[in-house]
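These notes concern the structure reproduced below.
Chain letters run A, B, ... following the sequence lines, proteins first, then strands; residues in each count from 1.
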Amino acid sequence: MAFQIPRGTQDILPSESSKWQYVEQIARELCRRYNYKEIRTPIFEHTELFLRGVGDTTDIVQKEMYTFTDRGGRSITLRPEGTAAVVRSFVENKMYGDPNQPVKLYYLGPMFRYERPQSGRFRQFVQFGVEAIGSNDPAIDAEVIALAMDLYRSLGLKKIKLVINSLGDISSRKAHREALIAHFKGRIHEFCEDCQVRLENNPLRILDCKKDREHELMKTAPSILDYLNEESRAYFEQVKSYLNKLGIPFEVDPRLVRGLDYYNHTAFEIMSEAEGFGAITTLCGGGRYNGLVQEIGGPETPGVGFALSIERLLAALAAEGIALPIEEGIDCYVVALGEEAKKEAVPLVYALRNEGISVEKDYQDRKVKAQFKAADRLQAKYVIIVGEDELARNVANVKNMQTGEQVEVALSELTTYMKKVCKGEY
RNA sequence: GCGGCUAUGGCGAAGUGGUUAACGCACCAGAUUGUGGCUCUGGCAUGCGUGGGUUCGAUUCCCACUAGUCGCCCCA
């Protein structure tokens, strides 16, 4: 094989792309209802943006970025996630001055992470995400979560679970962090190597460890929820209360930790519970990032959002055996017989297409039988047959492929007739 | 970054250290000289991921690489 697709990337072939279009269309429609407007930022940014925005201790920055030097000597990185770039644009375009606050944005496009591919993980993948920047109302956290859940529900997914947690504000996080270090420090040598490193970098992650799950210190470890200060606790209570009002079921998991540095207060994940879905069950991750806008150089501005992968969404649909309502077939196939008819078929097809009818014809010089087989394969609703006989009499035969019924129609009436039968127009 | 498994035609899938690489689906043609979905007949891999090595000889044995796949870490 001469050339191969780069590792961890995929071609979305015609048989799949209609599903993508369908899902994307539903996502855009939801954003219209929720009044989130699309923002399109570049696929690459200055590397520095992600170091600052995502956090230079995160796995994404430490080992997963596609970084290169451009011809001008700048360090450029293919975006590994969407939020940093959206916030950059928010600040750069001074959207904090927009009279419509909060600023509600969505994006849909490819992200890049240099990782070992596996089920549900790619080096290029497509994220749909929203960001609501400029409001500290817990109702907007609930709105963002509701939008994500709406997308899954409207596509028919049933086996999904919403998990939420609160990471608290800066002072709550700090108090909890110190409590965790104090809790584990004396006996950290009893834990796995990863956990020993985590104690320094991000002690919160120890709670998430799969290997040491059964260790007695795990069960007695301080929960973040016990370290939330009054304000953080009240905020979390309100978010939960709004979710209840919206009838959105959720689970609180005090061990839910998100991978990016910028999160505080609300953190959530939506996971698939479908059997055989694979090891990676996270469909969507999001949360609040109140310090990020300032970190990127803007005024102190709160924000909340989520990102979800279309690949995983489609995988979840497949795992639940859900077929999307996608129209596959074409309206009409023109079968031409004989040299003269073949020439006449070209303008006929053109005229029908101009009327909004989807039409195909033969370009392989196939026999009649094979042309019908092609029409059948394309799931054509109707076949128009034009041959020497018909041409001589200025008519065409129109066959309904479902019923097998065939009628003769004058060429002058043909487009009108086809519009009527294909589109119900008169 | 680490580990398991895998790599044969458009797809699925057998197979052997030695002259012609099963079979199924799909596709094409004919039976049916102007009509699909059924049936029958025929056609369809100078090639067995790539590159080395062992051997008189390798698709089959060994190594490396590449890719897929599943898992670990972590994430969407």
**Fill in**
Checking N1-N3 plus N6-O4 or O6-N4 for Watson-Crick, or N1-O2 and O6-N3 for wobble, each under 3.5 Å, the partner of B:A67 is B:U6
**Asked** In whole angstrom, what separates A:Tyr263's OH from B:A76's C1'?
**Response** 10 Å
**Request:** Name the nucleic acid region contacted by A:Ala370, choosing base, sugar-phosphate or nothing; use a 4.0 angstrom heavy-atom cut-off, strictly under.
**Result:** sugar-phosphate
**Asked** Taking the side chain from A:Arg79 and the backbone from A:Pro110, do they hold a donor-acceptor pair closer than 3.5 Å?
**Response** yes
**Message:** For B:G37, give the paired nucleotide (Watson-Crick: N1-N3 plus N6-O4 or O6-N4; G-U: N1-O2 and O6-N3; both under 3.5 Å), or none.
**Reply:** none
**Request:** Please work out which of the three classes, parallel, tilted or perpendicular, describes the rings of A:Phe184 and A:Phe191, given edges at 30° and 60°.
**Result:** perpendicular
**Request:** Any strand is fair game: report the nucleotide pairing with B:U60 by Watson-Crick or G-U wobble, both distances under 3.5 Å, or none.
**Result:** none
**Fill in**
With the side chain defined as heavy atoms from C-beta on, A:Arg116 is closest, among B:G71, B:U35, B:A76, to B:G71
**Message:** Aromatic contact between A:Tyr36 and A:Tyr106, with the criterion being ring centroids under 6.0 Å apart: yes or no?
**Reply:** no
**Prompt:** Does A:Lys369 have a side-chain nitrogen or oxygen under 4.0 Å from the phosphate oxygens OP1 or OP2 of B:G36?
**Reply:** yes
**Prompt:** Out of B:A67, B:G1, B:G34, which nucleotide sits closest to the side chain of A:Gln4?
**Reply:** B:A67
**Message:** Base, sugar-phosphate or nothing for A:Gln364? Non-hydrogen atoms, less than 4.0 Å.
**Reply:** nothing
**Prompt:** So which nucleotide from B:C28, B:C73, B:A67 ends up closest to the side chain of A:Arg366?
**Reply:** B:C28
**Request:** Indicate yes or no: at least one non-hydrogen side-chain atom of A:Thr67 is less than 4.5 angstrom from one of A:Ser75.
**Result:** yes
**Asked** Contact class for A:Gly120 vs. all strands (heavy atom < 4.0 Å): base, sugar-phosphate, or nothing?
**Response** base
**Request:** In whole angstrom, give the distance that lies between atom CG of A:Leu256 and atom P of B:C74.
**Result:** 14 Å
**Fill in**
Taking B:A76, B:C73, B:C27 as options, the one with an atom nearest any side-chain atom of A:Arg377 is B:C27
**Message:** If you only use heavy atoms from C-beta on, which nucleotide in B:G34, B:C72, B:G37 is closest to the side chain of A:Val368?
**Reply:** B:G34
**Asked** Between A:Met401 (CE) and B:U35 (P), how many Å, whole number?
**Response** 13 Å
**Item:** A:Glu81 CD - B:C74 P separation (whole Å)
**Value:** 19 Å
**Enclosure of A:Phe44 CZ (heavy-atom neighbours >12, cutoff 6.0 Å)** = no
**Request:** Would you classify A:Ala279 as touching base, sugar-phosphate or nothing, given that sugar-phosphate means primed atoms plus P, OP1 and OP2, and contacts are heavy atoms under 4.0 Å?
**Result:** sugar-phosphate
**Prompt:** Taking only N and O in the side chain of A:Gln118, is any of them less than 4.0 Å away from OP1 or OP2 of B:G71?
**Reply:** yes
**A:Arg123 side chain vs A:Pro117 backbone, donor-acceptor pair below 3.5 Å** = no
**Prompt:** Contact class for A:Gly404 vs. all strands (heavy atom < 4.0 Å): base, sugar-phosphate, or nothing?
**Reply:** base
**Prompt:** Counting just side-chain N and O atoms, does A:Arg113 come under 4.0 Å of either OP1 or OP2 of B:C74?
**Reply:** no
**Request:** Would you confirm whether A:Glu81, through its side chain, and A:Ala84, through its main-chain N or O, come within 3.5 Å as a donor-acceptor pair?
**Result:** yes
**Item:** Non-hydrogen side-chain atoms of A:Gln10 and A:Glu311 separated by less than 4.5 Å
**Value:** yes
**Prompt:** A:Asp376 or A:Asp365: which one's nearest nucleotide on RNA chain B is closer to the 5' end?
**Reply:** A:Asp365
**Message:** Could you check whether the side chain of A:Glu390 and the base of B:G34 have a donor-acceptor pair of N or O atoms closer than 3.5 Å, going by distance alone?
**Reply:** yes
**Asked** Expressed in angstrom and rounded to an integer, what is the separation of A:Ile385 atom CD1 from B:U35 atom P?
**Response** 10 Å
**Request:** Determine, stepwise, if the pair A:Gln124 / A:Thr9 fulfils side chain to side chain donor-acceptor pair (under 3.5 Å).
**Result:** CA-CA 5 Å; A:Gln124 175 175 335; A:Thr9 64; over 6 Å; no
**Fill in**
For B:C11, the nucleotide meeting Watson-Crick or G-U wobble distances (both under 3.5 Å) is B:G24
**Prompt:** Quick one: is A:Arg7 getting a side-chain N or O under 4.0 Å of the B:G68 phosphate, OP1 or OP2?
**Reply:** yes
**Request:** May I ask you to check whether A:Glu295 and A:Tyr289 show a side-chain donor-acceptor distance below 3.5 Å?
**Result:** no
**Request:** Calculate the interatomic distance between A:Tyr333 atom OH and B:G34 atom C1'; express it in whole Å.
**Result:** 14 Å
**Asked** Using a cut-off of 4.0 Å on non-hydrogen atoms, how would the nucleic acid contact of A:Gln406 be classed: base, sugar-phosphate, or nothing?
**Response** base
**Message:** Need the pair for B:U55. Rule: Watson-Crick or G-U wobble, both distances under 3.5 Å, any strand; none if unpaired.
**Reply:** none
**Request:** Would you mind classifying the nucleic acid contact of A:Gly82 as base, sugar-phosphate or nothing, using non-hydrogen atoms under 4.0 angstrom?
**Result:** nothing
**Request:** Could you check how far CD of A:Gln371 sits from P of B:A29, rounded to whole Å?
**Result:** 10 Å
**Prompt:** Just checking A:Phe128: base, sugar-phosphate only, or nothing, at a heavy-atom cut-off of under 4.0 Å?
**Reply:** nothing
**Request:** State which of B:G36, B:C74, B:C70 makes the closest approach to the side chain of A:Arg121.
**Result:** B:C74
**Asked** Hey, is B:G53 sitting syn or anti, using the within-90° cutoff around 0?
**Response** anti
**Fill in**
Numerically ordered, the residues 301-312 of chain A set in heavy-atom contact under 4.0 Å with RNA chain B is A:Ala307, A:Ser309, A:Arg312
**Request:** Rounded to the nearest angstrom, tell me the gap between atom NZ in A:Lys399 and atom C1' in B:G37.
**Result:** 10 Å
**Exam field: side chain A:Ser272 to backbone A:Thr281, donor-acceptor pair closer than 3.5 Å** = no
**Request:** Sticking with atom P, work out how far B:C65 lies from B:C23, rounded to a whole angstrom.
**Result:** 37 Å
**Request:** Kindly indicate whether the side chain of A:Gln124 and the base of B:A76 share any N or O donor-acceptor pair separated by less than 3.5 Å?
**Result:** no
**Message:** Less than 4.0 angstrom between a side-chain N/O of A:Thr282 and OP1 or OP2 of B:A76, yes or no?
**Reply:** no
**Request:** Determine the interatomic distance between C1' on B:C73 and the same-named atom on B:U54; round to the nearest Å.
**Result:** 39 Å
**Toward the 5' end of RNA chain B, by each residue's nearest nucleotide, A:Arg123 or A:Gly8** = A:Gly8
**Prompt:** Counting any heavy atom closer than 4.0 Å, what does A:Ile280 reach on the DNA or RNA strands: base, sugar-phosphate only, or nothing?
**Reply:** base
